[in-house]
Enquirer: 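Take this structure first; my questions come after.
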Amino acid sequence: MEERYKPEEIEPRWQARWEADQLYKAEIDHQRQKYYFLTMLPYTSGDMHIGHWFAMTPSDARARYLRMRGYNVMFPIGFDAFGLPAENAAIERDIHPKQWTYKNIANQRRQLRSMGAMWDWSREAISADPSYYRWTQWFFLQFLKNDLAYKKLSPVDWCPHCNTTLAREQVIGENRVCERCKTPVIKKDLDQWFFRITRYADELLDFSLLDWPETVKTLQTNWIGRSEGASVRFETEAGDPIEVFTTRPDTLWGATFMVLAPEHSLVEKLTTDEQREQVEAYIHQAARQSDIEREAVDKEKTGVFTGGFAINPVNDERIPVWIADYVLMTYGTGAIMAVPAHDQRDFEFARKYDLEVRPVILPKGYDSLDGDEMSEAIPAHGEMINSGPLSGTPGDEAFERTIDFLKSKAVGEFSVNYRLHDWLISRQRYWGAPIPVVYCPECGIVPVPEDQLPVELPDDVEWRPTGESPLKFHPTWKTTTCPDCGGPAERETDTMDTFMCSSWYHLRYLSPGYDKGPFDQREYDYWMPVDTYTGGVEHATMHLIYTRFFHKACRDLGITEGHEPMLQLRNQGHILGPDGQRMSKSRGNVIDPDEQVAMYGADTVRAYLMFGNRWTEGGAWNPENIQGVVRWLNRVWTLVYELKDMPAAETEAGIEREVVRKIHQTIRHVSNDLEQFEFNTVISALMELTNELYAARDGGKFGPAELRSGLESLLLLMAPEVPHIAEELWQELGKPYSIHKQPWPEFDPELAKEDEITLVIQVNGKVRDRITVPAEISEQAARQAALASEAAQRFMEGKEPSEVIVVPGRLVNIVV
RNA sequence: GGGGAAGUGCUGGAAUUGGCAGACAGGCGUGACUUAGGAUCACGUGCCCUCGGGCGUGAGGGUUCAAGUCCCUCCUUCCCCACCA
């Protein structure tokens, strides 16, 4: 047996053995407590970089630890394979998206295998496989059947030259031009599919069942953006209702004008002939500008008077109606009542266009307010003034009393508004799951019957850019017959948002080959919900909201059980390039895991990723610091091989006790830190134990038998983090295969206990002395020992202590 | 503008959650050993000092016997969202 540590020799060997033995296959076992450990699946737009390893290998270590603790752990993996980046990359390289994607999958699979993780490959799922997206389509049909999916007109960014929809990232620069042909992009209304996620907005705000990071909960809460207020019906002079949402109904009497979004449907009708030219010019410009460079924080408010007027329902006052781009069609109703005295945006607008500012709230500290004199809006709450019958209402009753007033006059009521919109799932793209619907001139929208799923994506399409959606362009694909009447019909040519595929992949892992449903109920009953989910925080508001919605919607359809799909969530940070910048090919700072594994071995890379940065923080990849891990593993390796040649020796009782103590302290340390996702201190604790074993050996008083037992404990604690070397050395010590089937070492608090401690002696909070005392020292004895300290006495300068604080086992502070 | 996270040696980072600041590593320095290896091993390494000690966790203030940790004000960096009515 070669004695040098050669990871390139041992790692592939053990990986092959583990796989041949199906060591990590997760099967239902009702005798054991299950643990579903999920890590976000990779997207297949290229090769993996070290950031994937940073996300996955610590998760693997924790999953392995739980397995050794006796849990029946499922740790599955798959590929998120549909979507626009794949399609674009394919176009760039002039290769079919499918071919390109599956080529990437093959390489990613190889890369993932080289990690030595405990993936259960028998549960692999790929979202672009027909056997997978058949069920993505099936979920769509369930939503459609139960009124959770609907169609409506919605604007998209459109390139008039390429004649195609553009995704947000394909619209570039301040002038918003098409990334391909540089033509200015326009908005175009298309009939698209939506999911009613807003129906679940309130439930999604409830995180009581979740052990999730506060940051993610806050991000989701803000994203959903619930605000309470009133919905109030204004009317145009012609009698058309203009519905308005306001969080400040108490300021209704101060509404001196209204503002509509330029896209609002009533603009056309309200606009008078004199104003028409100006209004149309503004609308045209706003359509181009509405999304431009929003970073321009203090952008000056602009707008145009329509010439039309509306009636304020609380006082029947006639107020002018303007349009302005600071009112968004996508929030609320696309129309606001403007109260310049109490809203800063309205105030700026009013001053600019010389509109009336009328104070109707008198906050504490003000005797009176004069609209002409004000220099900014006063948003504070307070007593209502100039408010007709409600004048004099105190601030804390203003909201409710106004609502009551609105109800009594039947012009408004309490209302809740959300920032969250319904989920637009239509994509005018090729590389996605086709939406399983046909359009029949006789029967309208007809769902494809479930027994005809999947609606397969054709391979023989022109996927190079032609100005048409590839599915529309296909000569025959969209031509079909109506499932209802049998007449000629056309297929929907849009595909589904790829977030739809990833909203339920954790369910497909349960039974990836199952063909009677999206998952096998037996597997669901045993494994679900996901116990731990790990991945990047960048998914906080998209994927992680969608998957929660998906689960809740499916629960209401009787498909899933429980209220949440993933109980515990932990996010890792990002690994940056050695230059501290985000890794990118153009910067040339990408760290390729293949190269690192070839250079150092997978175990070293794994351990370094855990050791080098805090997992939740990430940081720059430092090519020097990895040497510490290289040396550590070499030292462990050397120590195991040195054992063979060690002369027999008696171990001194004290030494053995010390090592055993260190082992048990390390068990506690490593166990706690793995539970807490604090991987850097896991590795440092293992290094400390290694150093302790070396020190004991070097003392010459540590016999081979004791060293062997110390090493066995060390290897067991190393098994989750560095699985290959642990397995190899475990075998070298003559222990039975596999170390990964061994139970986690038991922690014994008695054995971890220190006999002696260093008692810190402070005078007035400053450390003056340290003495070694028995660990069990009484408070009284500690106090006496401290007062007896010469150093302490010197600093007490003969004064009497006014107070002596004893922290048992730690320190004594003498206050004089 | 709103929200979130974080500021500790030359670097990555520890600190039992209010109790010895700098564990464990990297780097650097000095030395040992050399058939030179991706070496290895030993010792040292926050700053200042009159060698008693003094000062030190972004800045300033506060609470406390005791603050990296708690409170207030401010500064800096990174991330997310952005006219939210």
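When reading the values below, keep in mind they use all heavy atoms of this one structure, side chains included, and skip hydrogens, waters and symmetry mates. These numbers come from a predicted model, not from an experiment.
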Enquirer: Is A:R419 positioned over the aromatic face of A:W223, cation under 6.0 angstrom from the ring centre and no more than 45 degrees off axis?
Expert: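 A:R419 over A:W223 ring: yes.
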Enquirer: Side chains of A:Y326 and A:D346 only: does a donor on one sit below 3.5 Å from an acceptor on the other?
Expert: yes
Enquirer: Scan side-chain atoms only and decide if A:N691 and A:R635 contain a donor-acceptor pair under the 3.5 Å cut-off.
Expert: yes
Enquirer: Could you give the CE-to-P distance, from A:M542 to B:C80, as a whole number of Å?
Expert: 13 Å
Enquirer: Under the rule syn = chi within 90° of 0, otherwise anti, which is B:G52?
Expert: syn
Enquirer: Taking pairing as Watson-Crick or G-U wobble with both contacts under 3.5 Å, can you name the mate of B:U16, or confirm there isn't one?
Expert: none
Enquirer: Heavy atoms only, 4.0 Å cut-off, all strands: where does A:G618 land among base, sugar-phosphate and nothing?
Expert: sugar-phosphate
Enquirer: Between A:N625 (CG) and B:G13 (C1'), how many Å, whole number?
Expert: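 In whole Å, B:G13 C1' and A:N625 CG are 9 Å from each other.
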Enquirer: Please check if any side-chain donor atom of A:T534 sits under 3.5 Å from a side-chain acceptor atom of A:Q572, or the reverse.
Expert: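 Their side chains do not contain a donor-acceptor pair, so the 3.5 Å distance test is not met.
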Enquirer: For A:H574 and A:E538, test the side chains for any donor-to-acceptor distance below 3.5 angstrom and give the result as yes or no.
Expert: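 Note: A:H574 and A:E538 side chains meet the donor-acceptor criterion.
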Enquirer: Identify which nucleotide among B:C81, B:U11, B:G19 has an atom closest to any side-chain atom of A:W223, counting heavy atoms from C-beta outward.
Expert: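 When the side chain of A:W223 is considered, B:C81 is the closest of B:C81, B:U11, B:G19.
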Enquirer: Return the value, rounded to whole Å, for the distance between atom CD of A:Q581 and atom P of B:C78.
Expert: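 Nearest whole value for this atom pair: 10 Å.
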Enquirer: Pick the P atom in B:A21 and in B:A66, then give their distance to the nearest Å.
Expert: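 Approximately 14 Å lies between the P atom of B:A21 and that of B:A66.
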Enquirer: Across all strands, who's sitting opposite B:U73 as a Watson-Crick or G-U wobble pair, both distances under 3.5 Å?
Expert: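 Check on B:U73: paired to B:A59, both distances under 3.5 Å.
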Enquirer: Counting side-chain heavy atoms from CB outward, which of B:C20, B:G19, B:A85 is closest to A:I336?
Expert: B:A85
Enquirer: Atom CD of A:Q676 and atom P of B:A14: how far apart are they, to the nearest Å?
Expert: 14 Å
Enquirer: Distance between the P atoms of B:G9 and B:A5, in whole angstroms?
Expert: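 Between the two P atoms, the distance is 22 Å.
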Enquirer: Give the rounded distance in Å between these two atoms: CG of A:L633 and P of B:C24.
Expert: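 After rounding, the reported distance stands at 18 Å.
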Enquirer: Compare the minimum distances between each of B:U11, B:G38, B:A85 and the side chain of A:S227, then state the nucleotide with the smallest one.
Expert: B:A85
Enquirer: I'd like the P distance from B:A36 over to B:C41, given in whole Å.
Expert: 16 Å
Enquirer: Both distances under 3.5 Å, Watson-Crick or G-U wobble: report the partner of B:A67, or none.
Expert: none
Enquirer: Considering every strand and a 4.0 Å limit on heavy-atom distances, what is the contact class for A:R635: base, sugar-phosphate, or nothing?
Expert: sugar-phosphate
Enquirer: Measure from CD on A:E617 to C1' on B:G13 and round the result to the nearest Å.
Expert: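 About 11 Å, once rounded to whole Å.
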Enquirer: Can you tell me if the side-chain N/O atoms of A:R794 get under 4.0 Å from OP1 or OP2 in B:G52?
Expert: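 For A:R794, the contact criterion (side-chain N or O under 4.0 Å from OP1 or OP2 of B:G52) is not met.
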Enquirer: Considering every strand shown, what is the Watson-Crick or G-U wobble mate of B:A21 when both distances are under 3.5 Å?
Expert: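 The base-pairing partner of B:A21, which may sit in any strand shown, does not exist here.
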Enquirer: For the P atoms, the ones on B:C75 and on B:A82, what distance do you get once it is rounded to whole angstrom?
Expert: 26 Å
Enquirer: Hydrogens and angles aside, do A:D250 and A:T402 bring a side-chain donor and acceptor to less than 3.5 Å of each other?
Expert: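 Checked: A:D250/A:T402 side chains show no N/O donor-acceptor pair below 3.5 Å.
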Enquirer: Can you figure out which of B:A14, B:G53, B:A82 approaches the side chain of A:R419 most closely?
Expert: B:A82
Enquirer: Would you tell me if any nitrogen or oxygen in the side chain of A:R631 comes within less than 4.0 Å of OP1 or OP2 on B:C41?
Expert: no
Enquirer: For the side chain of A:Q762, counting heavy atoms from C-beta on, which of B:G19, B:G13, B:A25 is nearest?
Expert: B:G19
Enquirer: Counting heavy atoms from C-beta on, name the nucleotide in B:C65, B:G52, B:G26 closest to the side chain of A:E803.
Expert: B:C65
Enquirer: Taking atom C1' in both B:G38 and B:G53, compute the distance separating them and give it to the nearest angstrom.
Expert: 45 Å
Enquirer: Any non-hydrogen side-chain atom of A:L252 less than 4.5 Å from a side-chain atom of A:F234?
Expert: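 A side-chain contact exists here, since the closest heavy-atom pair is under 4.5 Å.
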Enquirer: What class does the angle between the rings of A:Y608 and A:W621 fall in, given that below 30° is parallel, 30 to 60° is tilted and above 60° is perpendicular?
Expert: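 Perpendicular: the ring planes of A:Y608 and A:W621 meet at over 60°.
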Enquirer: Round to a whole Å and report the spacing from CH2 of A:W621 to C1' of B:G26.
Expert: 13 Å
Enquirer: Measuring from the side chain of A:R345 (C-beta onward, heavy atoms only), which nucleotide among B:C65, B:C83, B:A25 has the closest atom?
Expert: B:C83
Enquirer: Does A:N222 place a side-chain N or O at less than 4.0 Å from the phosphate oxygens OP1/OP2 of B:G2?
Expert: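 Answer no for this pair, as no side-chain N or O of A:N222 is under 4.0 Å from OP1 or OP2.
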Enquirer: Is A:V760 touching bases, backbone alone, or none of the nucleic acid, heavy atoms closer than 4.0 Å?
Expert: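 Base contact - A:V760 has a heavy atom under 4.0 Å of at least one base atom.
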Enquirer: For B:A85, which nucleotide is its Watson-Crick or G-U wobble mate, given both distances must be under 3.5 Å?
Expert: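 Per the H-bond distance test, none.
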Enquirer: Using the P atoms only, state how far B:C43 lies from B:U8, rounded to an integer number of Å.
Expert: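 Those two atoms are separated by 29 Å.
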Enquirer: What is the distance, to the nearest angstrom, from the NZ atom on A:K217 to the P atom on B:C81?
Expert: 21 Å
Enquirer: B:C24 and B:A42: how far apart are their P atoms, nearest whole angstrom?
Expert: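 Per the computed distance, 13 Å lies between those P atoms.
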Enquirer: Please confirm whether the shortest side-chain N or O distance from A:R614 to OP1 or OP2 of B:A14 is below 4.0 Å.
Expert: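 The answer is yes; a side-chain N or O of A:R614 sits under 4.0 Å from OP1 or OP2.
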Enquirer: Of all the nucleotides listed (B:G13, B:C24, B:C84), which has the minimum atom distance to the side chain of A:L328?
Expert: B:C84
Enquirer: Answer syn or anti for B:G4, where the cut-off is 90° from 0 on the glycosidic torsion.
Expert: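 Nucleotide B:G4 adopts anti.
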Enquirer: Mind checking the CZ-CD1 spacing from A:R606 to A:I683? Nearest 0.5 Å is all I need.
Expert: 9.5 Å
Enquirer: Assuming nearest nucleotide by heavy-atom distance, tell me which of A:T247 and A:T215 is located more 5' along RNA chain B.
Expert: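 Closest to the 5' end, via its nearest nucleotide, is A:T215.
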Enquirer: Between A:E243 and A:S231, does the side chain to side chain donor-acceptor pair (under 3.5 Å) criterion hold? Intermediate values first, please.
Expert: CA-CA 7 Å; A:E243 178 111 0; A:S231 115; 2.7 Å; yes
Enquirer: Which nucleotide, B:C83, B:C20, B:G19, lies nearest any side-chain atom of A:D325?
Expert: B:C83
Enquirer: Counting the atoms with a prime plus P, OP1 and OP2 as sugar-phosphate, which does A:N691 contact under 4.0 Å by heavy atoms, base, sugar-phosphate, or nothing?
Expert: sugar-phosphate
Enquirer: If the P atom of B:U11 is compared with that of B:G44, how far apart are they to the nearest Å?
Expert: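 Nearest-Å result for B:U11 against B:G44 at atom P: 22 Å.
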Enquirer: Determine the contact category for A:Y5: base if any of its heavy atoms lies under 4.0 Å from a base atom, sugar-phosphate if only primed atoms, P, OP1 or OP2 are that close, otherwise nothing.
Expert: nothing
Enquirer: Scan A:R768 against the nucleic acid and name what it touches under 4.0 Å (heavy atoms): base, sugar-phosphate only, or nothing.
Expert: sugar-phosphate
Enquirer: Pick the nucleotide of RNA chain B nearest each of A:A685 and A:A620; which residue has the one closer to the 5' end?
Expert: A:A620
Enquirer: For B:U30, what is the paired nucleotide under Watson-Crick or G-U wobble rules, both distances under 3.5 Å?
Expert: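 Paired with B:A42.
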Enquirer: Any base atoms under 4.0 Å from A:E538, or only sugar-phosphate, or nothing? Heavy atoms, all strands.
Expert: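 Nothing: the residue A:E538, judged by heavy atoms under 4.0 Å, touches no strand.
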Enquirer: By the 4.0 Å heavy-atom rule, please label A:V327 as base, sugar-phosphate, or nothing.
Expert: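 If one applies the 4.0 Å heavy-atom cut-off, A:V327 turns out to touch a base.
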Enquirer: Nearest to the A:K766 side chain among B:G27, B:G54, B:C20, which nucleotide is it?
Expert: B:G54
Enquirer: Answer with base, sugar-phosphate or nothing: what part of the nucleic acid does A:N813 contact at a heavy-atom distance below 4.0 Å?
Expert: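 Here A:N813 touches the bases of the nucleic acid.
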Enquirer: Where does B:U17 land, syn or anti, given syn is within 90° of 0?
Expert: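 Syn, angle within 90° of zero.
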